[in-house]
Amino acid sequence: MRVLITGAGRGLGTALARAFLDAGHQVAATARDPAGSADLTGLAGAHPGRVVTGALDVTDAAAVARVVPALGARLGGLDVVVNSAGANFRGVPDGPSTLRIDEIAPEPLLALMRVNAAAPLVVVRAALPLLRASGRGRVVNISSWLGSITGAGSGNYGYAMSKAALNMATRLLAGELEPGGIAVVAVNPGWVQTDMGGPRATLTAEESARGIARLTEGLTMAQSGRFLQWDGSGHPW
Ligand SMILES: NC(=O)c1ccc[n+]([C@@H]2O[C@H](COP(=O)([O-])OP(=O)(O)OC[C@H]3O[C@@H](n4cnc5c(N)ncnc54)[C@H](OP(=O)(O)O)[C@@H]3O)[C@@H](O)[C@H]2O)c1
């Protein structure tokens with residue numbers, strides 16, 4: 001498979017790139033600063049000819065429209081888009097967090113919506129001609145249990161709202177792309193040891209990424225529109 005991954009410069013995104021490469025696939029790895037990621041340049045060096053990298057801030061729609069098709073063309077097409085780039089609780093650098101109602105401000109909320117919910121759709125739009133040409137296109141939106149309305153508790157407004165919106169986007173995309181044979185799922189990666197998840201998280205990035213790569217390989221149209229766990233089991237909406 002030819003797999004485009006966003007946010008591949010660190011954390012789960014890098015682990016996903018490694019997992020797909022280890023499974024024999026080709027990867028278009030995008031990051032805001034790919035050259036600044038030793039992990040990503042190391043991966044590219046270790047898998048010559050199977051990795052292309054590109055600089056991409058997913059909230060820059062013009063860059064998405066330019067970079068995604070260009071990287072796909074370098075791989076001769078795209079079969080999978082994995083939207084992994086994401087941000088948590090502070091949408092604006094040094095701005096207020098969106099954790100509690102008494103510190104809520106619109107701009108940090110909207111910034112999280114932009115990166116976690118709007119950007120994945122814009123990335124899919126840019127990749128769509130290549131996904132359609134693939135004959136077995138797949139979209140994997142990295143969501144979170146915090147986007148689950150069934151499991152919602154309190155707080156973390158910006159992040160939870162943006163991931164719930166991503167879940168809805170997943171359902172809508174699945175419906176719209178079904179006639180073209182493109183499967184679309186939202187995936188909860190679990191609590192993962194990354195900068196976002198912290199060191200006490202229960203899963204290594206490698207464990208989560210390997211599970212997500214496996215479920216992507218086996219993804220069928222019957223699963224399209226579902227919210228899945230990293231291990232391929234179902235997750236409540
Ligand atoms: N870790 C967990 O426990 C956990 C749990 C549930 C869901 N998730 C989801 O899993 C995904 C990966 O998270 P992670 O744990 O790897 O988080 P992380 O360690 O905080 O890394 C976030 C990644 O997203 C990228 N990113 C953020 N804003 C971006 C933008 N505007 N354009 C391009 N890339 C951007 C970052 O790139 P830079 O290096 O350029 O900042 C980085 O690669 C996210 O969607 C997250 O919401 C994580």
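Both counts, for ligands and for their atoms, begin at 1 and track the order of listing.
- A donor-acceptor pair is defined here as one N or O able to donate and one able to accept, closer than 3.5 Å; such a pair exists between the side chain of K163 and the backbone of I142.
- Of the possible donor and acceptor atoms, one in the side chain of T41 sits under 3.5 Å from a partner among the backbone N and O of S37.
- Protein residues lining ligand 1, listed by chain and number: G7, R10, G11, L12, R32, L56, D57, V58, T59, S84, A85, G86, V115, I142, S143, S144, W145, Y159, K163, P189, G190, W191, V192, T194, D195, M196, G197 [non-hydrogen atoms, distance under 4.0 Å].
- In this structure, V68 belongs to a hydrophobic cluster whose other members, linked by side-chain heavy atoms under 4.5 Å apart, are L4, V52, L56, V58, V64, V67, L71, L75, L78, V81, V115, L121, V122, V123, V124, L128, L130, L131, V139, L173, L177, I182, V184.
- In this structure, L112 stands alone, with no Ile, Leu, Val, Met, Phe, Trp or Tyr side-chain heavy atom under 4.5 Å from its own, directly or through other members.
- Residues forming a ring-ring contact (aromatic ring centres under 6.0 Å, His included) with H47 (at least two apart in sequence, or on another chain): none.
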Note to self: Checking D195 against R10 for the salt bridge (Lys or Arg N to Asp or Glu O under 4.0 Å) test, could you report, in this order, the C-alpha distance in whole Å, the side-chain angles of both residues, the deciding distance, and whether it holds?
What the structure shows: CA-CA 9 Å; D195 292 337; R10 65 187 165 100; 2.8 Å; yes

